[in-house]
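What follows is a single structure, written as structure tokens, with notes after it.
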Amino acid sequence: MTSSAPQPTVSCCSERRRRETCSHTHTHTHTHTHTRAAYEHVRRRSLPSCLAALALAMEERSEDPYLPYDGGGDAIPLQELPKRGSNYAMSNGGGVVSSSTHLLDLLEEPIPGVGTYDDFHTIDWVREKCKDRERHRKINSKKKESAWEFTKSLYDAWSGWLVVTLTGLASGALAGVIDIAADWMNDLKEGVCLSAMWFNHEQCCWGSNETTFAERDKCPQWNSWAELILGQAEGPGSYIMNYFMYTFWALSFAFLAVCLVKVFAPYACGSGIPEIKTILSGFIIRGYLGKWTLMIKTITLVLAVASGLSLGKEGPLVHVACCCGNIFSYLFPKYSKNEAKKREVLSAASAAGVSVAFGAPIGGVLFSLEEVSYYFPLKTLWRSFFAALVAAFVLRSINPFGNSRLVLFYVEYHTPWYLFELVPFILLGVFGGLWGAFFIRANIAWCRRRKSTRFGKYPVLEVITVAAITAIVAFPNPYTRQNTSELIKELFTDCGPLESSQLCQYRSQMNGTRAYSDVSSQPSTPGVYSAMWQLCLALIFKIVMTIFTFGLKVPSGLFIPSMAIGAIAGRIVGIAVEQLAYYHHDWFLFKEWCEVGADCITPGLYAMVGAAACLGGVTRMTVSLVVIVFELTGGLEYIVPLMAAVMTSKWVGDAFGREGIYEAHIRLNGYPFLDAKEEFTHTTLAREVMRPRRSDPPLAVLTQDDLTVEELQTIISETSYNGFPVIVSKESQRLVGFALRRDITIAIENARRKQEGIMLNSRVYFTQHAPTLPADSPRPLKLRSILDMSPFTVTDHTPMEIVVDIFRKLGLRQCLVTHNGIVLGIITKKNILEHLEELKERVEPLIDDL
């Protein structure tokens, strides 16, 4: 009898059949001397030994009137199989016709299309890994036959490195083009370079000899729109003209971006990271990583960033890199024909995307491991590292920022941090956690409202409205008018004698040597207080607009807006602590570390810590985020403050909800993503979750040998299930295997197209041999080749904690529930997600009552 304990198995069907056949054959060969000659004949024809044994077994079975019943049940009864006439032939779905002897399962032609997946379906990780092992064994067995086969084996072995190299090259090149184009179009809103139209503002003034140090951003070659249209650079008229042109270009870029996305590639909108996480977990979204999506996302990302919307390009760059990885994987059969292997390439591509987005190769690898990847073997780690290296090298060669560095935010601080500063750093972490929790709830509420109201049916109008409000409100404030990346750079930069920022005016009026000895009569100038007020207004503006911007139908990243909010808050706190240390240097907090006449506070460091804290509060990243930030800024010495702030933000954010923004959007969109970070602490059993339930119709099953083609097609047409358990008979209900709906449909269509005699009343069987049929019966259809004879099964008393763990770690599509070998029901990933949601809704009211 079958044991009631769960019996999961991961063996390949073909391997299992091969082992069973070989073992069965060797127990009978000594009894038939005449079949020994047949065996020697087959062996001399250089067939593999297992195939020869299979041929021997088939000849024995043709003479033996008693054949083992291949029903897959507990008992193996023997039944008599009457011999049929020689005019009776059998057909399988693959189009192979055989007569009395069946050298079959191992010699059948594969059915085209079987093993593929429909759109919006989940892959079978176990089957895909099994297919890859079979492919690998086949290549290894042939590589010694000829030099050509050996060359093919080398090509197969190196194809993984080739595809990640191509992905890194393409990702780095596209990132460089996007950076250069976005900077140029962003400056186009304010003016144009007459000497060279393709130069942005900074590049236009590089070669000018008429630029003064105080006004280094002004040069005769660069003209604002007021100067070009009105002929004057100052005055109310010029201000209004610049205001109008700024808003006009912002609306034009936003309108063009949303129209391109809506018409050509709807999948090009958003960040892309929630969908990439879902795809890497095994979900199929056709076209999401295609060439049209890549092309439109690259173009519209430049337009969206240049429009001034509160978004970034870093998240969408991960999507762009994954598109490159997906496209290049089709050049290599090893990856194009195996969805599980393809996801290894996408994991490496996501690392390359973060590498070029932030100039952080190591952070990119850790981001792929911590945040997006579902399956991350060791070889994927190495290839992700190599892809990130290649992408960073290409971006460094392009040098899009003109500073010979990978990043725009590179800073150097000359003052160490002190122990008492951990207090404001932790407070910034608390702010980041609160901001993250607030943003996730507010943004998800707005996105849910967008989905449920008529406003969501007009994405172009929504984008234009948000872009107009952003441009109109942003222009008067210099900190919101400028590019967000430039704002973060200014907030990160430490004040010195070469800085002309309004944030550093108090520095320049104190002393160019950064000493405090002569400052008692020179307090902070009004420029610093004005900058503080402008930063406070910019903070409120960024918080509000980011909530409504993330989720628009344009490419929109979240990294840069979150970092900008944290950097603004951190700079405000840093200036406040610096002024406190200056005016009250005799306090016990500052007395030990801050000497009179020496700097001890670096406001730019506070901005960097605040940026990391806010980004951590939104995404709930930890290790990868800290590495990204210190690679982004070069501030390796300040890793302890970064770690303290990031961990604090995660703890505070988790107190309000353990989901990050990407997991929240996955749940909002209804993607079948089973998060490995969530813990299942409930005591439910498999029978409480399985389908069908008591009130549902009975489970749709297939019998192994007494269905006709017409009956099978009727079952398929009347149900919407993706697969069917195959049982011995209606009376026995014992499990034989599992057949997928798509594979059955393809096999029937293929057999009708390639074989004659397949009719609606043809018998369909999943066993090794055809059942007993009358002589005038039409040709039967064998579908054993599409049957999964080792489906995962659990008993009805298996705790759901174990079932959820199996689904997470093995990436299952479904799991059958049995009792003493009898099929009771089925559990799919969708059933588990629905069960988790029900438990969550049941627990939340209890928490609210407390």
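Along the sequence shown, residues carry numbers from 1.
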With the threshold set at 4.0 Å, does a side-chain nitrogen-carboxylate oxygen contact exist between R667 and E659?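 Here R667 pairs with E659 in a salt bridge, since their nearest N and O are under 4.0 Å apart.
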
Is the closest basic N to carboxylate O distance between E663 and K277 below 4.0 Å?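 Judged by the 4.0 Å cut-off on N to carboxylate O distance, E663 and K277 do form a salt bridge.
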
Do [X] and [Y] meet the criterion of a side-chain donor-acceptor pair at a distance under 3.5 Å?
X: Y662; Y: E275; result: no
X: S310; Y: T546; result: yes
X: S373; Y: S368; result: yes
X: T484; Y: K542; result: yes
X: E371; Y: T619; result: no

Heavy atoms, side chains only, cut-off 4.5 Å: are [X] and [Y] in contact?
X: R450; Y: E462; answer: yes
X: V365; Y: L381; answer: yes
X: P377; Y: E344; answer: yes
X: V460; Y: F255; answer: yes
X: F656; Y: I440; answer: no
X: V261; Y: P555; answer: yes
X: I543; Y: I540; answer: no

Does [X] have more than 12 heavy atoms from other residues, nucleotides or ligands lying within 6.0 Å of its [atom1]?
X: F332; atom1: CZ; value: yes
X: R286; atom1: CZ; value: yes
X: M647; atom1: CE; value: yes
X: Y671; atom1: OH; value: yes

Can you measure from [atom1] ([X]) to [atom2] ([Y]) and round to the nearest 0.5 angstrom?
X: I568; Y: L535; atom1: CD1; atom2: CG; answer: 6.0 Å
X: L346; Y: T380; atom1: CG; atom2: OG1; answer: 10.5 Å
X: H201; Y: N483; atom1: NE2; atom2: CG; answer: 14.0 Å
X: S252; Y: K189; atom1: OG; atom2: NZ; answer: 11.0 Å
X: L188; Y: D183; atom1: CG; atom2: CG; answer: 12.5 Å
X: I279; Y: I285; atom1: CD1; atom2: CD1; answer: 4.5 Å

Please lay out, stage by stage, how L558 and F439 fare under the test side chain to side chain contact (heavy atoms under 4.5 Å, CB included). CA-CA 11 Å; L558 190 60; F439 171 78; 3.5 Å; yes

Aromatic centroids of F431 and W435 separated by under 6.0 Å: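 No: the rings miss the under 6.0 Å criterion.
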
When the aromatic ring centroids of H319 and Y288 are compared, is their separation below 6.0 Å?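 Under 6.0 Å, so yes.
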
Quick one: which residue pairs count as a ring pair (Phe, Tyr, Trp, His ring centres under 6.0 Å) with a foot in residues 545-569, not counting sequence neighbours?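 Counting only pairs at least two positions apart or across chains, the ring pair (Phe, Tyr, Trp, His ring centres under 6.0 Å) contacts touching residues 545-569 are F358-F559, W446-F548, F550-H665.
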
Between K313 and D179, is the salt bridge (Lys or Arg N to Asp or Glu O under 4.0 Å) condition met? List the steps. CA-CA 9 Å; K313 58 181 181 292; D179 287 334; 3.5 Å; yes

Which atoms form the tightest heavy-atom contact between L395 and G172, and what is the distance?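 Distance-wise, the nearest heavy atoms are CD1-O, 4.0 Å.
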
What's the shortest heavy-atom distance between A611 and F492, and which atoms?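 So the minimum-distance heavy-atom pair works out to CB-CZ, 3.8 Å.
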
C447 and N443: CA distance, side-chain angles, deciding distance, side chain to side chain contact (heavy atoms under 4.5 Å, CB included) verdict: CA-CA 6 Å; C447 291; N443 181 255; 3.8 Å; yes

Pair E190, R481 - check salt bridge (Lys or Arg N to Asp or Glu O under 4.0 Å), show working. CA-CA 10 Å; E190 299 182 358; R481 183 194 315 167; 5.2 Å; no

Specify whether F386 and W161 have parallel, tilted or perpendicular ring planes, treating 30° as the upper limit for parallel and 60° as the lower limit for perpendicular.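 Aromatic pair F386/W161 classed perpendicular.
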
Should the pair Y606 and F425 be assigned to parallel (<30°), tilted (30 to 60°) or perpendicular (>60°) ring geometry?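 Aromatic pair Y606/F425 classed tilted.
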
Checking side-chain contact (heavy atoms from CB on, under 4.5 Å) against V554, which of T300, L303, L311, L260 comes through?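 The single option meeting the side-chain contact (heavy atoms from CB on, under 4.5 Å) with V554 is L311.
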
